[in-house]
Amino acid sequence: MKKLERKKEELPVKETSRKRKSIAVEKDEDKKKPKKVPEENGKPRGFDRGLEAEKVVGATDSSGELMFLMKWRGCDEADLVPARMANLKCPQVIIQFYEERLKWDTQTEEGDGITQVA
């Protein structure tokens with residue numbers, strides 16, 4: 001027993017402060033911080049521009065929140081808009097986006113007849 005205690009005392013102590021964090025730990029920390037949609041040069045973005053939404057071009061949840069890429073009437077630019085805001089401001093445009101991505105399966109006798117296209 002005394003030999004084991006001596007060996008433990010003789011082992012060098014590793015410095016933990018010099019270790020690098022693993023990539024997985026850094027990614028977890030990034031998820032905790034909410035990301036904001038950046039404003040370019042102080043220009044208003046999304047619905048703050050006062051434009052009417054024409055259609056939803058795409059959707060993403062890479063920031064941890066569902067966002068829609070909106071195309072605006074009379075404008076060539078598209079903006080990322082939080083889904084919560086889009087659902088309130090232009091519900092029919094959002095419904096149209098989802099309906100375009102539904103595939104109705106009328107051939108089968110089983111099930112509800114709705115199949116989602118990937």
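Everything quoted here is computed from the prediction, not taken from an experiment.
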Problem set entry | Nearest atoms (heavy-atom pairs only) where L51 meets C75 | CD1-CB, 3.9 Å

Exercise. Around atom CZ of R84, are there more than 12 heavy atoms of other residues, nucleotides or ligands at under 6.0 Å?
Worked result: no

For this session: Could you tell me which non-hydrogen atom of R45 sits nearest to which non-hydrogen atom of A78, and how far apart they are?
Result: NH2-O, 4.1 Å

Problem set entry | V56 and M70: CA distance, side-chain angles, deciding distance, side chain to side chain contact (heavy atoms under 4.5 Å, CB included) verdict | CA-CA 5 Å; V56 178; M70 305 289 294; 3.6 Å; yes

Problem set entry | Rounded distance [0.5 Å steps], CG in D79 versus CZ in F68 | 14.5 Å

For this session: Kindly compute the distance separating CD (E54) from NZ (K71), expressed to the nearest 0.5 Å.
Result: 4.5 Å

Problem set entry | Gap between atom CG of L69 and atom NZ of K55 - 0.5 Å precision | 10.5 Å

Problem set entry | CE-SG distance between M85 and C90, expressed to the nearest 0.5 angstrom | 10.5 Å

Exercise. Would L88 end up clustered with Y98 when hydrophobic side chains under 4.5 Å apart are linked, directly or stepwise?
Worked result: no

Exercise. Are V57 and M67 in one and the same hydrophobic cluster, where Ile, Leu, Val, Met, Phe, Trp and Tyr link if side-chain heavy atoms are under 4.5 Å apart?
Worked result: yes

For this session: Give, for atom CD of E100 and atom CD1 of I95, the distance between the pair rounded to the nearest 0.5 Å.
Result: 12.5 Å

Problem set entry | Cluster check L66, I94: I/L/V/M/F/W/Y, side chain < 4.5 angstrom | yes

